[in-house]
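Data first, discussion second: the structure below is written as structure tokens.
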Amino acid sequence: MKLHEYQSKRIFAQYGIPIPRGEIATTPSEARRIAEELGGRVVIKSQVLVGGRGKAGGIKLAKDADEAEGLAGRILGMDIKGLKVETVLVDAAADIRQEIYLGVVIDRAACRPVLMASAEGGVEIEEVARTNPSAIVKTHVDPFLGLRSYQTRDVAIGIGLARCLWKAFHKIAAGLVECFVGSDASLAEINPLVITGDDGLLAVDGKMLIDDNSLFRHPDLAALRDASEGTWAEAEARRFELSYVDMDGEIGCMVNGAGLAMTTMDLIKLSGGAPANFLDIGGGAKSDKVAAALRIILADARVKAVLLNIFGGITRCDEVAAGILEALQQVETNVPMVARLVGTNADEGRSMLADANLLTATTLLEAAQMAVAAAHGAS
Amino acid sequence: MKLHEYQSKRIFAQYGIPIPRGEIATTPSEARRIAEELGGRVVIKSQVLVGGRGKAGGIKLAKDADEAEGLAGRILGMDIKGLKVETVLVDAAADIRQEIYLGVVIDRAACRPVLMASAEGGVEIEEVARTNPSAIVKTHVDPFLGLRSYQTRDVAIGIGLARCLWKAFHKIAAGLVECFVGSDASLAEINPLVITGDDGLLAVDGKMLIDDNSLFRHPDLAALRDASEGTWAEAEARRFELSYVDMDGEIGCMVNGAGLAMTTMDLIKLSGGAPANFLDIGGGAKSDKVAAALRIILADARVKAVLLNIFGGITRCDEVAAGILEALQQVETNVPMVARLVGTNADEGRSMLADANLLTATTLLEAAQMAVAAAHGAS
Amino acid sequence: MSILVDKNTRLVVQGITGREGAFHTARMVEYGTKVVAGTSPGKGGAAVHGVPVYDSVSQAVHHTGANTSVIYVPAAGAPDAVYEAVSAGIHLVVCITEGVPVLDMIKVRAFLDQKGARLVGPNCPGLITPGEAKVGIIPGDIVIPGPVGIVARSGTLTYEVMYALTMRGIGQTTCVGIGGDPINGTSFIDCLRLFEADAATEQVVLIGEIGGSDEEQAAAYIRDHVKKPVTAFIAGETAPAGKRMGHAGAIIEGGAGTAAEKIRILRAAGVRVAQHPEQIADLVAASM
Amino acid sequence: MSILVDKNTRLVVQGITGREGAFHTARMVEYGTKVVAGTSPGKGGAAVHGVPVYDSVSQAVHHTGANTSVIYVPAAGAPDAVYEAVSAGIHLVVCITEGVPVLDMIKVRAFLDQKGARLVGPNCPGLITPGEAKVGIIPGDIVIPGPVGIVARSGTLTYEVMYALTMRGIGQTTCVGIGGDPINGTSFIDCLRLFEADAATEQVVLIGEIGGSDEEQAAAYIRDHVKKPVTAFIAGETAPAGKRMGHAGAIIEGGAGTAAEKIRILRAAGVRVAQHPEQIADLVAASM
């Protein structure tokens, strides 16, 4: 789950990390009021869950409250990479002497969190990793001991931080690791962490990703979920606990199992088509879930054919077939469908679908080829 | 550092462990007031830092406030194993169906804390260990993972606890381990933990020992120190940061180093005498500390001779000699003294003491024999 | 011969009274697995499909000599179930449970490394040694005994491969689903090492997917240590960057963990990589 | 020959700018120990008695190739100093610091066990290999090279024994003070194993005291694994139960850990136990 910048920074503050004074606004007049209260120059920052807000014109500096109101008016409602800006953060502008990067992620190979820092802040860390990997200093966090002060000292030395900043840097780094662990994050990033003119450190921008699997123990974080995260289809799929990712092809697919769902997409491509989505209905899905999945797929106007691929184990093929029939009663569609059912109760499922005039296939490759042919015939 | 029962139980309560309602009193009328507020039967418990209070008559059951006042009057001021009762705890009497034992200590060999429980509560665990060791069920606490619920479940099964009590038992055991770790304890013990008539669990008596080395990070616990813990000499030694233990022999000793101090005591015994104390002045002791040590030794009227044993390393023998001379100016004494100085600046030290009419020895055994002879000659 | 589970497996089912636990206990018993015990705190003394239930794993081990456990408890309780099993002396723990938080798994891994115990999973279908023992949820009717070892990060995709092999009459020594989480107990390398040492395994099928670097590490291990032929398939060539594809671990992060890169590195290590699952059976048959 | 420290020891002093650290650095340099670096956060670039100071151990290791560290920092910082040294690749850490809380040491021990590094101490005088290296605070002028290995829980008591041996012309391979805390990094058994394997060590002197069961465990180890003669002394025959005798670890608890019991068990394992420290020299001389 992605958190907005302002949400991330508020959580950082709870862990003792200094952030700029600021508040969120949903109207230009609110932005003016906040700017007046803050006094001086402010930054108006669009709160949307995508990267590259600055380049898209979603972050602007205002010299006073008048200008803040004007800029907020321009940014609110703006479309950034398909997302509409509903909220802006109005922050007091920082006196920036240097920008550094500080982040925590999971190092899967090392099986522990890793703190990363770079003297090159303000740019994406992946960019630094590509162009100047030696600029990134890393230290692993022991899952039981946490981040120790000698580690942040070594990191501070590594990125050439002045001695007078070590103590403040340790406090922020330790706070960020605690925040990461305490929030079950998969990413907690301050970029940039700013060295101010008066030798202070300030987390000017923040980003957090929360491990979805941990939300059962973080009701406070779960409540922060932006229902509009991702596309309509993705949000709708979340509601039905379906694993769904939007793609831009023409063949919708519904599969049980994540690996098999990816493979189904791959085979569509191998057969000359393009998948419209990734969709895993999970193990043991019942007919209502299957119906919801099919409705979501068919809501995409680009979809020219649907491929159903079910390897029955715990999931029963007849249950899946029932769900498809249920959905077809609710949604009127002319989109051709190819079903490939194998395993538990496959015969029953297949005969149920044959009555509904669906194409059936035996092997997965065959199914993919049929779906691609159907889509191209239909277009 | 030992904590009083009421202090231990108040800390337990902070960790969610249920304790009887109750308060402390220093006068009989206070005890009456508390008993009146509690209503019903109460227990009057002397708060002194020794075991065996019950057998010594320091714990009594009162059926009402009248009796509580009377019993408090008898217990307050009582002498229990050399300690005067200054405070009593007035607790609501529990409805006791069964008494069990629950404690946490450090298992030195396993290098971790160990939770111990026994269905035989109310008696000393060492007694159970001797007479019926299989009645004690143990589980080690992982220093990083803490006590897990399956562990307390196994312990509960081991001591034959009814299933309806498992959840409450886990809460108490987990609380006790957290209390132990959070307080840097070396012992945290509930004895007895009572199963009440209505299937509740209640920590009726409590005992905690705190790791002295940890007090720097527990100012709240350090403040609980009963200045009267131990004898006058022990308290006085603590004030000067001397390591001192009272013994009941006739030869006082002052040594640098704990192992050497014990050995000096052992050699006094081997030579036919008995040590009056253990006293380690520590490494690099300066003359003021040495003087304080000598004053404490000489304050004991039973002391018939003093043995000074210094192996100079970081500790300089001339510094020690200066301290002795300083003390002898402050304290008038006829007690004979034997000094054995070896190592750094031993010659200077020895000549300083010779002027003060002290006996000097070369080997440790020789010194012990001289001290014993002097003590016996003096008596 | 086989790896990890066989006729000597004495299984305890943790969470046996739950819906999943009870259902799959029946399937495992049917298959012939020696399911000697189940656990369910507070329900000791009961029985599920003829399997005695204990209050704790240590009780189960004490009374039945269980040496392997399979976990069907909810995600919040799964880490403790692993700790409990290992502390009770179980040397192989198989965790089917999906949705265990990553930071919990980091602690579990550190614990396992200290204790020298093995965990398969979580978020995995478990393992099966055809004709001997089935531990987890892999359907028993799509495998037959034979010379191919299978190790995979996914579930139904692996069933496809097992099924394709079985349809051609090519059997398996053991099939291991290591799970789709970013951090899990057993890696491809662990299984490759075991298959290489197993006399009955003649060749190995490895089924990977996008995300992480387990396949890349496996490739280096195969190049240096595996003499038996290895055939691989990597799912997710069409997956976009930065999106979790169902499995918590199936995500391309910072440009790393793409299928194309994994395939390139596996091929460079001498592994034959199939274009689609059914082709795996062709490649395996060709090197028999 | 010797154990743990020798001419190849390249020492970094953690806390070199403190009073104790600076004082003993001078003594160690005088003795001829290769003190290659010191650390003191924020003071990198300075020098103490000619030894360069770095901000961190990893910097010190990087620039000087230090392989051993000695810690003189206050108790509150000592555990972190151990973690830092081990994480920087130091394989032998000697912690002189007294007063480290027991629960901190429990974590340190668990950490060391994971990393496979060795800690001597805390609350110990360190070690000395006469004529080669002195790491800690043992006076250099009371030892001479020779065939006796010494391992002890206490400081000045051990100096007595070294001194007594040296006065008789009996030298030492290495003297190790393992410290007087209830939980420490290196046990009697660890040192006995090393001395047994060291060709130059002909016999071993073990100096124990009341509290814990390290001597009892050592006795069992000596009986089963040590062929070289061992002479022991146990301090605290007159110590009362339940009182800490100076050292945090010197306490008779629940009737266990008495000197009488330790002496009995050591004798049963074939160890000669002296009645007083000077007698140790007699017993050692008798078996040369």
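Note that the structure is a prediction, hence the values are computed from the model and not measured.
A heavy-atom distance below 4.5 Å is found between the side chains of B/Thr263 and D/Pro277. The closest side-chain heavy-atom distance from D/Lys243 to B/Glu234 is below 4.5 Å. For the pair D/Pro74 and B/Phe216, the minimum side-chain heavy-atom distance is 4.5 Å or more. Using a 4.5 Å cut-off on side-chain heavy atoms (C-beta onward), B/Ser243 and D/Met245 make no contact. Between B/Phe180 and D/Leu103, the closest side-chain pair of non-hydrogen atoms falls below 4.5 Å. Two residues are said to be in side-chain contact when any heavy atoms from C-beta on lie closer than 4.5 Å; B/Asn213 and D/Val102 fail this criterion. The closest side-chain heavy-atom distance from B/Pro113 to D/Ile106 is below 4.5 Å. In this structure, D/Glu237 and B/Met265 have side chains that are not in contact, with every pair of non-hydrogen atoms separated by 4.5 Å or more.
A donor-acceptor pair under 3.5 Å links the side-chain atoms of D/Glu278 to the main chain of B/Leu364, judged by distance alone.
Your options are D/Ser154, D/Gly254, D/Ala152, and the one with the most heavy-atom pairs under 4.5 Å with chain B is D/Gly254. The most heavy-atom pairs under 4.5 Å with chain D, out of B/Val255, B/Thr264, B/Val105, B/Asn256, come from B/Asn256. Here B/Leu365 is the residue among B/Leu365, B/Leu279, B/Asp212 with the most heavy-atom pairs under 4.5 Å with chain D. Per-residue counts of heavy-atom pairs under 4.5 Å with chain B were compared for D/His24, D/His276, D/Arg27; the largest is that of D/His276. Between chain B and the residues D/Ala76, D/Gly236, D/Ser213, D/Pro139, the largest count of heavy-atom pairs under 4.5 Å involves D/Gly236. Comparing B/Asp266, B/Val245, B/Leu215, B/Asp142 by heavy-atom pairs within less than 4.5 Å of chain D, the highest count is held by B/Asp266. By number of non-hydrogen pairs under 4.5 angstrom with chain D, the leading residue of B/Gly282, B/Cys111, B/Pro143, B/Gly257 is B/Cys111.
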Worksheet item: Can you check salt bridge (charged side-chain N to carboxylate O under 4.0 Å, His left out) on D/Asp181 and B/Arg108, steps first, answer last?
Response: CA-CA 10 Å; D/Asp181 275 0; B/Arg108 290 168 63 163; over 6 Å; no
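For D/Thr238, the parts lying near chain B are the backbone and the side chain together; criterion is any non-hydrogen pair under 4.5 Å. Residue contact with chain B, scored on non-hydrogen atoms closer than 4.5 Å, involves the backbone and the side chain of D/Glu160 alike. The part of D/Gln217 that comes within reach of chain B is its side chain, from C-beta onward, which places non-hydrogen atoms under 4.5 angstrom from that chain. Contact of D/Ile138 with chain B is not made at all, since no heavy-atom distance falls under 4.5 Å. Of the two parts of D/Arg244, the backbone and the side chain both hold a non-hydrogen atom closer than 4.5 Å to a non-hydrogen atom of chain B. For D/Glu98, no part lies under 4.5 angstrom from a heavy atom of chain B.
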